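For reference, the structure is listed below as structure tokens.
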Amino acid sequence: MGLREKIQDRTAVVGVIGLGYVGLPLAVEFARADYMVYGIDIDEKRVGQLHSLKSYVQDVPDADIAEFVGNGKLIPTTDYQVLKGIDAISICVPTPLRKTRDPDIQYIASATARIRECFHPHILVTLESTTYPGTTDEILLSEFEATGLKVGRDFYLAFSPERVDPGNPRFHTRNTPKIIGGVTAECTALAQLLYEKVVDRVIPVSSTKSAEMVKLLENTFRAINIGLVNEIAIICDKLGIDVWEVIDAAATKPFGFMPFYPGPGLGGHCIPIDPLYLSWKLKLFNYNARFIELASEVNTHMPEYVVGRIGRALNRLRKPVNGTRILVLGVAYKKNIDDVRESPALDIINLLQQEGAEVDYSDPYVPQLKLDGAMMSSRPFAGQTLRSYDCVVVVTDHRDFDYDLVARESALVVDCRNAIRSRGPNIVKL
Ligand SMILES: NC(=O)c1ccc[n+]([C@@H]2O[C@H](COP(=O)([O-])OP(=O)(O)OC[C@H]3O[C@@H](n4cnc5c(N)ncnc54)[C@H](O)[C@@H]3O)[C@@H](O)[C@H]2O)c1
């Protein structure tokens, strides 16, 4: 039976490599669509946890793991050898930055090398990890064709960017449209056929490079607009204007304006990182991606700006930062999730500690936080807690916090998210 028929009648065996925020929900969707799925991860702890029927990804309920791992539709494993019997592979490994802020594609490279060891004819490989345009062709295609097999005839290769938005109650894997670009038309067609079984709408594009670029456009668009509005916030502060009022008023325009909101800086695995994959690639063409660099500079500076605002607010109360007790509310990089990767809260805590402040945090999603080797524990959110600090900083506006209580009980609040709707002499907004 050919791959097309196997995908159609759901006898195709699917492998998902990298069971993180992106890979685990995808593996569950393939299992839900009645495919037999192998989830491959190098992290033994994660694989073990799935075998104990427990999820570690907030958007994937334990019940789904219990159902699909329990009934044997989803088999988590660290053993790449299972790929020998697999028809379609989706790669969802991390794509971070190196210390030098250049792309670190070691995880894609190592997954590709491991796939090559088990490579066989009539396999479909789809890369989902966010990366610079050209990765699929330059790294995966050349490695797989070195086996002597020919793409579009003996095997199929595509790029399909992941668009997961952790914590989004409305959009999840199934109802978020998916872009697919294959190396050949047949590669695109087969990847589209497969993904249409788990995603409501699939949009094919003409090449892997276009598909790679789509993701970078989406995230660069966000990074630049956030950079712009962060700068507008700094400008409004200098001019004595409430930036939040300005944005809300501008957002009443029914066309030609889309509101973005300032904040303490970018976080997460996508927006602060992905645009730099693009600007890095452009450097190879001797081109400086100016908007990206500028937005990155503004956004990266925001934690320092916030610490400056905290210092100014305390100064008005004749208090130095040094020795002051400060409580950071929310350390996850965005609201209602438990992910602290690249979170600006970490920089803010660090900078405040460097200034001599005594910093604690409260975050119901992050019970413990490791910062520079030291372990911090979340303080309980309560009026008594708020009262015991000189300054409370709203960094992440989780829905779980009672903001009226924050406004009422805190001596001073620096609100980076416009979470507190009331105004008062003790409230400073970004
Ligand atoms: N998290 C998001 O919101 C999001 C959204 C869209 C796109 N993405 C992109 O998706 C990709 C994955 O991100 P994520 O957030 O799921 O990462 P993650 O860190 O949550 O998960 C990645 C998993 O891959 C595993 N892994 C690493 N190398 C491996 C290898 N060689 N073989 C098998 N497993 C390996 C890790 O152990 C980890 O469990 C990244 O490129 C990211 O930019 C992430």
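Counting starts at 1 for both ligands and their atoms, following the listed order. Just so it is clear, the structure is predicted and the values come from calculations on it, not from any experiment.
At a 4.0 Å heavy-atom cut-off, ligand 1 touches Arg46 through the side chain alone. At a 4.0 Å heavy-atom cut-off, ligand 1 touches Cys92 through the backbone alone. Contacts of Tyr56 with ligand 1, taken as heavy-atom pairs under 4.0 Å, are absent altogether. Counting heavy atoms under 4.0 Å from ligand 1, residue Asp165 does not touch it at all. Contact annotation: for Cys270 versus ligand 1, heavy atoms closer than 4.0 Å belong to the side chain alone.
Atom 8 (N) of ligand 1 has its closest protein heavy atom at Val22 CG2, 3.6 Å. The shortest contact between atom 24 (O) of ligand 1 and any protein heavy atom is with Gly18 CA, 3.3 Å. Summary of contacts: the protein heavy atom closest to atom 41 (O) of ligand 1 is Thr95 OG1, 2.5 Å. Taking atom 26 (N) of ligand 1 as the reference point, the nearest protein heavy-atom neighbour is Ile42 CG1, 3.8 Å. What sits closest to atom 31 (N) of ligand 1 on the protein, heavy atoms only, is Ser110 OG, 3.2 Å. Distance from atom 32 (N) of ligand 1 to its nearest protein heavy atom, with residue and atom name: Tyr80 OH, 2.5 Å. Counting protein heavy atoms only, atom 13 (O) of ligand 1 is closest to His269 CD2, 3.6 Å. Given atom 27 (C) of ligand 1, the protein heavy atom at minimum distance is Pro94 CD, 3.5 Å.
Residue Arg163 places no N or O, backbone or side chain, under 3.5 Å from any N or O of ligand 1. Every N/O-N/O distance between Asp274 and ligand 1 stays at or above 3.5 Å. Inclusion of Asp41 in the set of residues having an N or O under 3.5 Å from an N or O of ligand 1 is warranted. The N/O atoms of Tyr21, backbone and side chain alike, include one that comes under 3.5 Å of an N/O atom in ligand 1. Remark: ligand 1 and Ile17 share no N or O pair separated by less than 3.5 Å (distance only, no angle test).
A side-chain contact (heavy atoms from CB on, under 4.5 Å) with Ile17 is found for exactly one of Val125, Leu83, Thr112, namely Leu83. Among Asp41, Asp59, Leu50, the one residue that satisfies the side-chain contact (heavy atoms from CB on, under 4.5 Å) test with Leu24 is Leu50.
Other residues, nucleotides and ligands contribute more than 12 heavy atoms inside 6.0 Å of the CE atom of Met375. Atom CZ of Arg222 has 12 or fewer neighbouring heavy atoms from other residues, nucleotides or ligands inside a 6.0 Å radius.
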Yes or no on side chain to side chain donor-acceptor pair (under 3.5 Å) for Gln8 and Lys197, after CA distance, side-chain angles and deciding distance?
CA-CA 9 Å; Gln8 277 296 21; Lys197 302 287 186 278; 3.2 Å; yes
Determine, stepwise, if the pair Gln81 / Asp79 fulfils side chain to side chain donor-acceptor pair (under 3.5 Å).
CA-CA 5 Å; Gln81 292 302 311; Asp79 181 9; 5.0 Å; no
Please report the C-alpha distance between Arg10 and Asp34 in whole Å, then the side-chain angles of each, then the deciding distance to 0.1 Å, and finally whether the salt bridge (Lys or Arg N to Asp or Glu O under 4.0 Å) criterion is met.
CA-CA 7 Å; Arg10 301 179 196 238; Asp34 219 20; over 6 Å; no
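Between Phe155 and Phe144, the angle of the ring planes goes over 60°, which puts this pair in the perpendicular group of the 30/60° scheme. A perpendicular orientation is assigned to the rings of Tyr403 and Phe401, their planes being inclined by more than 60° (bins at 30° and 60°). Taking the six-membered ring for Trp and thresholds of 30 and 60 degrees, Tyr261 and Trp244 have nearly parallel ring planes, at less than 30 degrees apart.
Using modelled atom types, one finds no donor on one side chain facing an acceptor on the other under 3.5 Å when comparing Tyr305 with Asn230.
For the pair Arg341 and ligand 1, a heavy-atom separation below 4.0 Å is found. Within the 4.0 Å heavy-atom cutoff, Lys215 counts among the residues contacting ligand 1.
Annotation for ligand 1: atoms under 4.0 Å from non-hydrogen atoms of Ile40 are 33 (C), 34 (N). Here is the list of ligand 1 atoms found below 4.0 Å of a heavy atom in Asp43: 37 (O). The ligand atoms of ligand 1 that sit less than 4.0 angstrom from a heavy atom of Gly20 are 16 (O), 18 (P), 20 (O), 21 (O), 23 (C). Set against the non-hydrogen atoms of Pro166, the atoms of ligand 1 under 4.0 Å away are 3 (O).
The option from Ile337, Val47, Asn219, Val93 that lies nearest to atom 11 (C) of ligand 1, judged by heavy atoms, is Val93.
A distance of 6.0 Å or more separates the ring centres of His269 and Tyr21. Between Phe30 and Phe68, the ring center distance fails the sub-6.0 Å criterion.
Under 4.0 Å is where a charged nitrogen must lie from a carboxylate oxygen, and between Glu29 and Arg32 at least one such pair does.
Side chains of Gln58 and Pro166 form no contact here, defined as non-hydrogen atoms less than 4.5 Å apart.
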